Each structure stands twice: as C-alpha cells, then as structure tokens.
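Here the structure is laid out as structure tokens; the discussion comes afterwards.
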There are 2 protein chains.
Amino acid sequence: MLALISRGAAGTRADLARLTGMARSTVAQRVEALIEHGLVEETGAGASTGGRPPRLLRLDTARNCVLGVDLGATHCRVALMDIGGTILAASEDPVQIGQGPLSVLEHVDTRMHELLAEAGRPLETLKAVGIGVPGPVEFATGRPVAPPIMPGWHEYPVPEFFTGRYPVEVLVDNDVNVLALGERRFAYPDSAHLLFVKIGTGIGCGVVVDGHLHRGAQGGAGDIGHIRVPDAADALCRCGNTGCLEAVAGGAALAARLTAAGVPAATGRDVVALVNQGDGTALRLVREGGRIIGDVLAGLVNFFNPEVIVVGGVMARVHEPLLAGMREVIYQRSLPLATHRLTVVPSRSGEEGGVLGAGRLAIDHVLAPDHVNRALSPPTGAT
Amino acid sequence: MLALISRGAAGTRADLARLTGMARSTVAQRVEALIEHGLVEETGAGASTGGRPPRLLRLDTARNCVLGVDLGATHCRVALMDIGGTILAASEDPVQIGQGPLSVLEHVDTRMHELLAEAGRPLETLKAVGIGVPGPVEFATGRPVAPPIMPGWHEYPVPEFFTGRYPVEVLVDNDVNVLALGERRFAYPDSAHLLFVKIGTGIGCGVVVDGHLHRGAQGGAGDIGHIRVPDAADALCRCGNTGCLEAVAGGAALAARLTAAGVPAATGRDVVALVNQGDGTALRLVREGGRIIGDVLAGLVNFFNPEVIVVGGVMARVHEPLLAGMREVIYQRSLPLATHRLTVVPSRSGEEGGVLGAGRLAIDHVLAPDHVNRALSPPTGAT
DNA sequence: CCCCTTTCGTCGACGATCGACCGAAGTTAC
DNA sequence: GTAACTTCGGTCGATCGTCGACGAAAGGGG
C-alpha cells in the first residue's frame, strides 16, 4: 500500500497521509519500517511552503534492483534495473530459444552476473527476477505449457533453474503479458482496462482487467492470433487451422503476401524496411493488414470495452499506416458507447519493451503489499 | 467475509473457524454481531460427532428479503426472495418498456408492494432491490445509457425513483450482466471466469472475470451482438451496420431466414416452437445459427479463456441443436489450451433467470463485506 | 523577535484479533 | 452408572495496528 504510493506518486510523509487518508502517525510508523527494511530512503529536505520543509522520501534505488529478461525466438535481452524502473545495464544477443532451456538459461545466468558486476551492484541488492518468454506459461509455477516455438521447454520449471543460484524469486510470464504490464505501468498507470496487441511474426494480446493481468482459466488468455477472419479460408496457419488472423496479417504473412505481389520480403522486418523506403505496395499491404486486425479488435472492443489499445511488436514500427487501418475499422464497427473514450496508440516502449516489462513484473512483485508485509514481519507465522 | 461463508458453505462456528483460519474466539464474536444485526440466526443443535453438538447457523431468511426485478422489452417480472435465494412470491405481466420509466416503474412499485403483502413480509425486512434492464447501464448511478430499445430511459436515474418509497438501496444493471451473475452464484460458484451468452431477439453477453462482473471502461462490455461475422455483408442490423452477429443468428434473424425459406415465423419464439415440433428446416437453421455464434465465441475463447460458457435466452430452449453447432465450431477453432477444460452448457435458470439474477445482485449487495461492516458499526465514521 | 505554518515524532487510547483457559454437552469405554 | 475423551462455545488478558492529540523542529512573515 505504502509502497504503491511511494512508487512515484508523491514523496513525503505528509503527502502519503493525505493520499492514503491514514493518520500521519501511522504513516510515519510504516515509513520507518520501510526505511528499516531498506526499501525507502530519505533524501534531504524539500522546499518549504511556509512551514517546516518536508523530508523527501523515495525508493532506495541504490540498494534494490531487479533483473528483467526478455526471451524471444531468436534473441535474449537482459536488463538490470533499479526498483525505480531505470535501466542500469543491459545486454542483447542472438540466442536460439530452440536450443532448449538448459542452454538458454545458462546463457541468461551468465549475462545476469555480468550485468550485476558491470553496474557494481552486489548480489544482495537483487530482489527479484522477471522473465518473459514467447509462449504460454502457467504463471503460478513458471512453466511453459506446450509452447509452439519453444521446443524442449514444455513444463520446464524455469524458476527452479535459478533457485540456488540466486536467493530471490523468479517470475515467468508470457512475453505479451509482460509487455502489457510494462506499458500500463510506464505509460497508462490510470487505465484500468487495457489491451496490448503485439504484432510481430505472429499476433498476440495482453489483457489488463481492472489493473491486473488477466491470464484466463488456463493461462491462455490473449491468444488472438488464431481468431478466424473473413475471406481468408485459403490462408494456412502454423497452428493447423486456416483463416487465422496471424496467417493473414502477421509479419510473416505480410512478407509472404508482399513477395507474392512481386516485392521480395522474407520477414516482417523486411516489410517494415520497405514501408520506410516508401514502397507503395508494402504500405498498402500494411494498411490492409491493419484493417484486418482492426476487424478482430472491433469485436474485442465491443466485448471487452477497454480504455486503451496499445499496439506494439515489430510491425508497430510502421504504426502510421497500421494504426490508420486499425482505427478505420474499429471506429466504424464498434459501438459508440465502447469507442467513445477509446484510444488506439502505438507502444511507447520500443525494442526494450520486453525487458522493461519483465523488470516491471519483478518490481511489482517486490513492492507488492503482501510481499512487503511478509518481509517486514519475519518473526510472525510460526507458532 | 463471514457473511460469504455463512451463505451456504458451512453453518457452524467451528466450521467458520476452520474455513477462515481465524481464531474461534474471533469467529464467535463476529457471529454474535451478525446475529445481533439480524442477518444470521441460530437454529437448534446439529448431530454430534463425538463431542458437544454444534449450534447450527444460517442466514436469517425470515427477517431479510430482497426484491428482484426483470424488465424486458415486453414483460416485467418481479420476485420477492429471502436472502437465501428462495422465491417467496413472484409476478409476471406484459409491460411495454417503451412507455417510459415513470409508467413502468410505477407499475413495478405496485407489484413490489403487492408481493410484500402477499408473502406477509413487512417493509422493514426488505434490504435491497436489484433491477435488470434490457440495455446498457452506468452501474454506479443506475442510469441507462442510450439504450436502443428503451425510449425515454436515457440517463433516467432509476434508483432515485425509489428513494423515499423504499428505505433501501436500488441496484440497476444490464439484464445480461444480471443473468451472468445469477448463473454464476447459483450454478457455478467456483468458476472465476464465466461467459453468459444470451440469445434472444438479439445477442448479448455477460462477462465474469475473477468472480466479478466486468463492465468495461464505459459499462459497455459484453456487447457481442454486433461483432461482424463472415459472409453476411447483406444482413442489415438494427444498429445500422451490416453483417452483425445478431443480424444473422439472433432470434429475430432466424425467424426472418426461416420465413424466407418458406416456413413462416415471426419471432425467435416461433422458431423454437417449430424446432420442438420437429421442423427440419428450423432445426437446420438453429444449428447453423449455433455455428455462427460459435465462430464468434471461438474467438472470445481464445481471447478470454473462460472456464464456462453458459447459453441462455429464448433460443436456448432448443439448446441441443444450438449448443451442438456452437461446440462444433468452438472446439474446432479455439486453441487446445483454452478449450481443454472449457464447458459449454445451457443455462439452468429458465424464464426466471432474470429475476433470480436481479435478486442475487441485491443479495450480494446486502451480504457484501463492506456493506455489512458499515451496518455493524454505525457509531463510527463521523468525527 | 514573536507568531504562524507545515512537518515530524511520541504517547496514551481504542479496537480487532489471538491464544489460552474453562464450562457445556455430548459420546465412548469400562 | 461413572469416568474419561471429544467437540463446541464463551470469557479473559495480551498483543498489534491504528488513531488523535500533543509537543518539538524548522522555516516564513510581520
């Protein structure tokens, strides 16, 4: 509770009392506990407004950091962040996730140690690790569940790999969920209902309901890439079905269609490059892809009524035509009540969105009320 | 909290202590407060299991009742229920909602008094009123928002109509939300994520996330009737668009298509009757409608990953062919992870689902922890 | 230099909860 | 029939968290 307020809103004891409605004495007591615990520090005095100047509080970023890990199909990004969310050190290298968990996680482990050393942060300051992986994950256990592009990872207990190596909790989630979380925390802290649509090779969606990630009954929520779209019965999808959204409007699909139209492109990245070069066919195709995605999103807007739809992923680098196509259809096909205050915006976090979100997952865990309370009162529990 | 447990799970002080993990003394204290407050009563002793027999507790159904009101386009159902959820008295009569709020609510008011008298319950035992209306509602204020089939109701403050007449709170919500709530409470108390699909003249959907109704940013969530479906560009919808789900698979649409196929039918009700008479064309059409709805639901299953989809509304009276069509498509088009434990079932509450749900909305309010706590400690608050 | 404002810490009071103890009311063993 | 034992329920002191009031600290304004 206090940790939540401390995390940016306002940083003096009096502010906290005003915002939480609690008595000043209570606030002081708890702040002291947090300082004792090392999560909060005092930083000099602020400007007086006519009376005694307040003592400023802020998160103790020097003594608390987390690691964010963004695993993609072919890359691995690791970032060391303090609990304020600023990056202290980061790495990026090509890693084939298909090499299996042992090899990949060993690599991650090495990078994690390197970054800690590079930033000069001792291991004791590390408080949590967040990992985003490109596939469905049972969040409670941190195990990937039948991930299509992660051979060898099925049911692999990722957090257990790190127990023994690091004395902190390891949180694993789907990469799109992680992106949604990061975007919400960084850019739309006040939006209760948010969708993060990632348009990369495939298409996925992170769902934030009432400020919390919605993972669904089996942790499989947000898989919009395989929703069927009209007039696409001939589009074969890697999932085995036909007419899936991502088989028509995903980065790979757009590249294939562009190639078929006479403009060679192998990946979504190529399509993006062509659009940036001013290629008319690519531009038209991207906009058309936006319309198709918009058609699906229009349905989801009616169903879910979000406040914000954030579009990210590789293809969002050409967000002008993409979002234009999407908005065109969404505002036409969705009900006025639902579109009234809906905004469709490109992601503000670029390539680093994954690590930022993963780090944010870890930070949220460190600052979570129950976690903090548990840490503050170790002598309790046992009878 | 205690009220929640009291509401069915297990009814003795010892049970409560076991289930909540609280000390027996605390439980006893709070139970006493609840008895004092009149929400709970003691009913004799239970069977001994080797020691002193427990004193049984249950909700004081004699001194606490609520009213549920189900307003449809052409009907008005009112039911008096005790807070255990059993109906004490009910009424049903044809009412045109288009006559406007004053006329309709006056009628409701009369019925409410009649039912209280009929059941011999004094006004003091009434604790809350729940109302379901056929259109979007801003739940916090109880005002309909631009309801398509409720002329004159836009922004009308329904709860205010009853203040002065009844000394209790009045809760107003969309009829589909109310249905979803009722179904969850009565039939699937353990399902965190549930969809209630109502297929009547139109098509709507109530969304339960994590046990709570999801109303969306503008209270417009669940409006799946106007999601676009493939190969239906010629189907004109009352919303002004074309190709909407309910313009193809709603009760009215099915009747129209059946008529066009040479079998006269004016409403969804007629279609149901024809199916029950064994009409092959009607049967085929309903099953086809189920497939079309299933196509949309398949997308929502991927996106939302519910545990249960409940199908209600007039058309659900022929749920065999309807659900067959729906399941056919859902299990084919949705991902295995999402369909793994998904069940698609007909609503267990029939015609009375609306009033039951409305009553449940009221009961939930009466038993809500914050409400009870406020009631238990009246001398607090003011400084 | 005095008074006011704002902030911060401390102290006693209050309420909620807990654990322990005891009485109540049965069953079971002898 | 009586004595254990078992299970429930109520009471009492102790503890913890929170609150409100008071006073001290630290600055601005007349």
Side-chain angles (χ1 to χ4, degrees), chain A residues 1-6 9-37 39-58 369-383, chain B residues 1-6 9-37 39-58 369-383:
Chain A
M1 6 185 162
L2 271 181
L4 280 167
I5 317 288
S6 271
T12 124
R13 291 173 178 77
D15 283 351
L16 286 174
R18 273 189 294 268
L19 291 174
T20 62
M22 295 190 299
R24 278 183 297 282
S25 52
T26 308
V27 170
Q29 218 171 2
R30 296 172 70 145
V31 166
E32 193 180 12
L34 289 175
I35 292 178
E36 186 73 23
H37 188 244
L39 271 177
V40 173
E41 65 176 344
E42 245 174 27
T43 65
S48 166
T49 59
R52 170 174 175 173
R55 281 196 262 169
L56 298 181
L57 301 173
R58 66 168 192 196
D370 52 347
H371 181 249
V372 171
N373 288 341
R374 230 177 301 135
L376 285 179
S377 53
T380 324
T383 307
Chain B
M1 7 183 162
L2 271 181
L4 282 166
I5 317 288
S6 269
T12 125
R13 291 173 177 78
D15 283 351
L16 287 174
R18 270 190 295 268
L19 291 174
T20 62
M22 294 189 300
R24 278 186 301 280
S25 53
T26 309
V27 170
Q29 218 171 3
R30 296 172 69 146
V31 166
E32 194 179 12
L34 288 175
I35 292 177
E36 186 73 22
H37 187 244
L39 272 176
V40 173
E41 66 177 343
E42 245 174 25
T43 65
S48 165
T49 58
R52 172 174 174 172
R55 281 198 260 169
L56 297 181
L57 301 173
R58 68 168 190 196
D370 52 349
H371 181 250
V372 172
N373 288 339
R374 229 177 302 136
L376 286 179
S377 52
T380 325
T383 308

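Worth knowing before you read on, the calculation uses all heavy atoms, side chains too, and leaves out hydrogens, waters and symmetry mates. In what follows, chains carry the letters A, B, and so on, assigned in the order in which the sequence lines appear, proteins first and then strands, with residues in each chain numbered from 1. The structure displayed is predicted, hence computed values, not measured ones.
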Produce a footprint string for nucleotides 25-30 of chain D: one letter per nucleotide, 5' end first; B if the base is under 4.0 Å from any protein heavy atom, S if only the sugar-phosphate is, - if neither. BBBS--
Within the structure provided, determine whether A/Thr20 and A/Thr26 are in side-chain contact (heavy-atom separation under 4.5 Å). no
Between C1' on D/dC19 and CE on A/Met22, what's the gap in Å once rounded to a whole number? 11 Å
In whole angstrom, give the distance that lies between atom CG of A/Leu56 and atom P of C/dT6. 17 Å
Would you say the side chain of B/Ser25 and the base of C/dG19 hold a donor-acceptor pair, judged only by whether the two atoms sit under 3.5 Å apart? yes
Closer than 4.0 Å, any side-chain N/O of A/Arg30 to the OP1 or OP2 of D/dC19? no
So what does A/Glu32 hit on the nucleic acid, given a heavy-atom distance under 4.0 Å: a base, only sugar-phosphate, or nothing? nothing
In whole angstroms, how far is the C1' atom of D/dA14 from the CD atom of B/Gln29? 14 Å
Between B/Leu57 and B/Leu34, is any pair of side-chain heavy atoms under 4.5 Å apart? no
Between B/Arg55 and D/dG10, is there a contact of a side-chain N or O with OP1 or OP2 at under 4.0 Å? yes
Starting at atom CZ of B/Arg18, determine the distance to atom P of D/dT6, rounded to an integer number of angstrom. 15 Å
Between A/Gly21 and B/Arg13, which is nearer to the 5' end of DNA chain D once each is assigned its nearest nucleotide? B/Arg13
Within this structure, what is the CZ-to-C1' distance between B/Arg24 and C/dG19, rounded to whole angstrom? 10 Å
By side-chain contact (heavy atoms from CB on, under 4.5 Å), which residues pair with B/Ala14, not counting sequence neighbours? B/Thr12, B/Arg18
Results of side-chain contact (heavy atoms from CB on, under 4.5 Å) for B/Arg55 - residues two or more places apart only: B/Arg13, B/Glu42, B/Arg52
